[in-house]
Amino acid sequence: MSSLINGSGDADTRRFLETLKKALNEKQYEAVTGDEGPLLVLAGAGSGKTRVLTYRIAYLVAMRGVPIHRILAVTFTNKAAGEMKERLIELLGDDVRDMWVGTFHSIYARILRRHLDVLGMRNDFVIYDSDDSLRLVKRIQKELEISTTEHTPQQIRGSISRAKNDLLDPERFSQNARGPYQYAVADVYHRYEKQLRENNALDFDDLLVLPIRLFREHSDVLDIYRSRFLHILVDEYQDTNRAQYESLTLLASLHRNLCVVGDDDQSIYRWRGARLRNILDFESEYRDAAVVRLERNYRSTSNILKAASSVVANNVGRKEKTLWTEKETGSPVKTMVAYDETDEASQIAYKVQELCAAGFSLGDQVVLYRINAQSRTLEDTLTHQGIPYRIVGGLRFYERKEIKDILAYLKVALNPRDDISLIRILNVPPRGIGDTSRQRLFEYASRNKLSLFNAVVGYDPEHPPEDLAIRGKAARGLASLGELLSWLHDRITEVHVGELTKGLVEELHIISILEEERSIEAEGRIENIRELLTATNAYQGSDGSGSIQEFLEEVSLITQVDETEFGGDFLTLMTLHCAKGLEFPVVYIVGVEEGLLPWHRALNDMEELEEERRLFYVGMTRARERLILSYVTNRYQGGFGMMSRGASRFLKEIPQECLETSGSPVGSYFPKRRPYAPGARRRSTQKSSRSKTHSSSTTSSDSSVTLDYSSSQVPPTMILAMGKRVEHPIHGQGLVVARHGFGESLEVDVRFADGSILRFPANSGELRPISIEY
DNA sequence: CATTTAAAAGTTTTT
DNA sequence: CTTTTAAATG
């Protein structure tokens, strides 16, 4: 492939412009080739936002001769950055690899690594994730004797985070504090910042906030970057917060070539400090800003687009936009009513298979929900029916306990001041150092003005310090930890991360300890550790050296979407927030109910309610061809009562003409749900007992009543679920005990009365499901 | 004194 | 229905 970057002849120029004209519509072309100066691209959902951003960079490089290192592109996830880079490499050639494309967090981390020392901190900091920060807040709350029940550590940590993103340092926060809660937060905040500095650690917010301090207090550093970055391009601008806004303003203050792309209707991170006004006020902020509106949608059918637009039109605080499409009308948006969440899950599972029969693959379909807790019921049902699925988000790989434990060792070895990580691994794996010993160790360290690390490493079991009353098992444990840590510390800068991790895992004997547990969870953990070893082993940093510092940084900035490999024949499940920026041919949104979507705590606040509406809008606009919205009449939460009350107000905002309603309110046919009996195990026994319970009242929540099997549209996969009773013309009655494959290729194992187990293709028609008689 | 076991309480969204 | 906190055990 010829690289555009080297060819600057007239012929190449003309060819490139031709390519652009062909690849882009008029508005997109305008945005891509827009002049220097501030540029606001208001890009509606599915209007080719990423495309514009990518082509604009290519245009700047190829046509305007902007050197690659003088461009800064900021995206929302690492994955988006990676994809943009791949695309740019195709367009411009391999040199693009050195371009600064990344998230705010990763780009600023890079800057801080170079310059943080001028602020009196160290450049070799570690990054605390939210779990680490939370542990720190908890510890401080205990030290300050602030009740953790009255104000949860999560709350306080949230308040601190918000303060930081609003650029309030502890002093300013204290001055503005009103009321007992804010005073408490102020105290914790003070100590929290002090601890971070002492531990040589930065939290996520620091990565955004410290560059601002750096730039403001050291104009020479600011000058390096603001003169270097001739063009700055920012994706998802509607979700930037105050700190991000301020830092961008500083970085763009010299050349003023700031191109921001976003959609105010898709701003969904207010709770994280995102300020809608950043995008709404861009034009007044930069009076000379050019504005381009991308209103043509290339993604959804007109029915879906119309439905979504009608919903979001109810928001007041927005820029007026009219999205249009040349796509066909398409299927109507479908609403489904279910009795409860189990019924909802069954109906979704049914619909998924119906659409599989209609030619969509599982990978084409995604189920979106408001809160993570909703995934459980779906998972149960999908597992039960043998539908392969994949969850995006939830617990991230690098946040799993066993992984974080191992990484904590590396962090401590790299940065001996990292007390939070050290405390974490003090007794992991169990080595006899409990609460009491830990407390004594703390006291001993502070009495002797030793860092915790030195207290541990310097511990000599032959001559234990007199003022450290640790003996016996705890003493031996402490000694072995000290040995291990100094062993690690000696190698941390020399050895490749893979080799060191391997040595560490062996030294800890984690695998054998877990093997002895002989539980499913332990097996999963072993799997995870093996995966970590593979990852570290294969790791090559930017210079191919396998530096541990670089590895740890990369790992802590991984986003939820980054981790998931898309493609493959899996049904995808994720929260609405996670779905931002993605698209699928078929989208289900479940739990479209008052109290859930909109979330109950948003009901009394106009702005919060609008954000919920935007969230719903984002979900709807992910769909290319089919959109299915479902709600239930009885949703239970935990064991305590109902949590949502009927269809969401947002559903009523969709025009009737693009809707199709299905699924009757079947509530009356269903038995009232029993209150949870304590001790009634769910996972294993419920599955078999559930169908019995329901069928005893002539119905089954496995949809055998709500869905009409006799209409023969029901795919066999649906009927031949695990545990279903079936009849075979020769062998008689049996029970489905296993399933292999999926869809057309599904085969099921059936155990018959004589104990024999036989395998049948599900679509052979030999097996007939029978309703269970009692 | 550490670990296991039982009871109690709390659940949005995430870089 | 999970996660955290308190009491019992080894």
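In this text, all values refer to a predicted model and were calculated from it rather than measured experimentally. Residue numbers begin at 1 in each chain, while the letters A, B, ... track the order of the sequences.
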Check your understanding: Of all the choices, B:dT15, B:dT11, B:dA2, which nucleotide is nearest to the side chain of A:Ser437 once you look at every atom?
Key -> B:dA2
Exercise for review: Please tell me which of the listed nucleotides, B:dT14, B:dT15, B:dT3, lies nearest to the side chain of A:Thr575?
Suggested key: B:dT14
Point to revise | Pairwise 5' ranking along DNA chain B for A:Glu608 and A:Phe76, keeping only the more 5' one | key: A:Glu608
Review point. Can you check whether A:Tyr269 stacks with the B:dT13 base, using ring centres under 5.5 Å and planes within 30°?
Key: no
Point to revise | Nearest to side-chain heavy atoms of A:His577, which nucleotide of B:dT15, C:dC1, B:dT14 | key: B:dT14
Point to revise | Residues A:Glu608 and A:Arg601 bridged, charged N to O under 4.0 Å | key: no
Study note, to complete from the structure: A:Asn427 has its side chain closest, among B:dT14, C:dC1, B:dT3, to B:dT3
Point to revise | Per A:Asn372 side chain, nearest of listed nucleotides B:dT3, B:dT14, B:dT15 | key: B:dT14
Review point. Could you give the CG-to-C1' distance, from A:Leu134 to B:dT14, as a whole number of Å?
Key: 14 Å
Review point. Mind checking the P distance from B:dT14 to C:dT3? Whole angstroms is fine.
Key: 16 Å
Review point. Counting side-chain heavy atoms from C-beta on, which of C:dT2, B:dT13, B:dT15 comes nearest to A:Ile371?
Key: B:dT13
Practice item. Would you mind telling me which residue lines up with the more 5' stretch of DNA chain B, A:Ala474 or A:Glu611, judged by nearest nucleotide? Key: A:Ala474
Review point. Do any side-chain nitrogens or oxygens of A:Arg440 fall under 4.0 Å of OP1 or OP2 in B:dC1?
Key: yes
Point to revise | Given C:dC1, B:dT3, B:dT15, the nucleotide with the shortest approach to the side chain of A:Phe204 | key: B:dT15
Review point. For A:Gln374 and B:dT13, what is the distance between atoms CD and C1' respectively, to the nearest whole Å?
Key: 11 Å
Review point. Strictly under 6.0 Å, is that where the ring centroids of A:His105 and A:Phe76 end up?
Key: no
Check your understanding: Tell me, what's DNA chain B's dot-bracket, Watson-Crick or G-U with both distances under 3.5 Å, | for other-strand, [ ] crossing?
Key -> ||||||||||.....
Review point. For A:Tyr245, which residues count as a ring-ring contact (aromatic ring centres under 6.0 Å, His included) partner, sequence neighbours excluded?
Key: none
**Study point:** A:Arg113/A:Glu553 ion pair, N-O < 4.0 Å
**Key:** yes
Practice item. Measure from CG on A:Leu573 to C1' on B:dT13 and round the result to the nearest Å. Key: 16 Å
Review point. Quick one: A:Lys138 NZ to C:dT5 C1', roughly how many Å, whole number?
Key: 11 Å
Revision key, fill the gap. Between OH of A:Tyr108 and P of B:dT15 the distance, given in whole Å, is 18 Å
Review point. For A:Arg135 and C:dT4, what is the distance between atoms CZ and C1' respectively, to the nearest whole Å?
Key: 13 Å
Review point. A:Asp132 CG to B:dT15 C1': how many Å, rounded?
Key: 14 Å
Review point. NA contact type, A:Ile433, heavy-atom cut-off 4.0 Å: base, sugar-phosphate, or nothing?
Key: sugar-phosphate
Point to revise | Salt-bridge present (A:Lys411, A:Asp132; N to O < 4.0 Å) | key: yes
**Study point:** Results of side-chain hydrogen bond (donor to acceptor under 3.5 Å, both in side chains) for A:Ser106 - residues two or more places apart only
**Key:** A:Thr103
Exercise for review: Taking atom types as modelled, find out whether A:Asp203 and A:Tyr192 have a side-chain donor-acceptor pair closer than 3.5 angstrom.
Suggested key: yes
Check your understanding: Rounded to the Å, how far apart are A:Gln141 CD and C:dT5 P?
Key -> 11 Å
Exercise for review: Verify whether one side chain among A:Asp418 and A:Tyr128 offers a donor that lies under 3.5 Å from an acceptor in the other.
Suggested key: yes
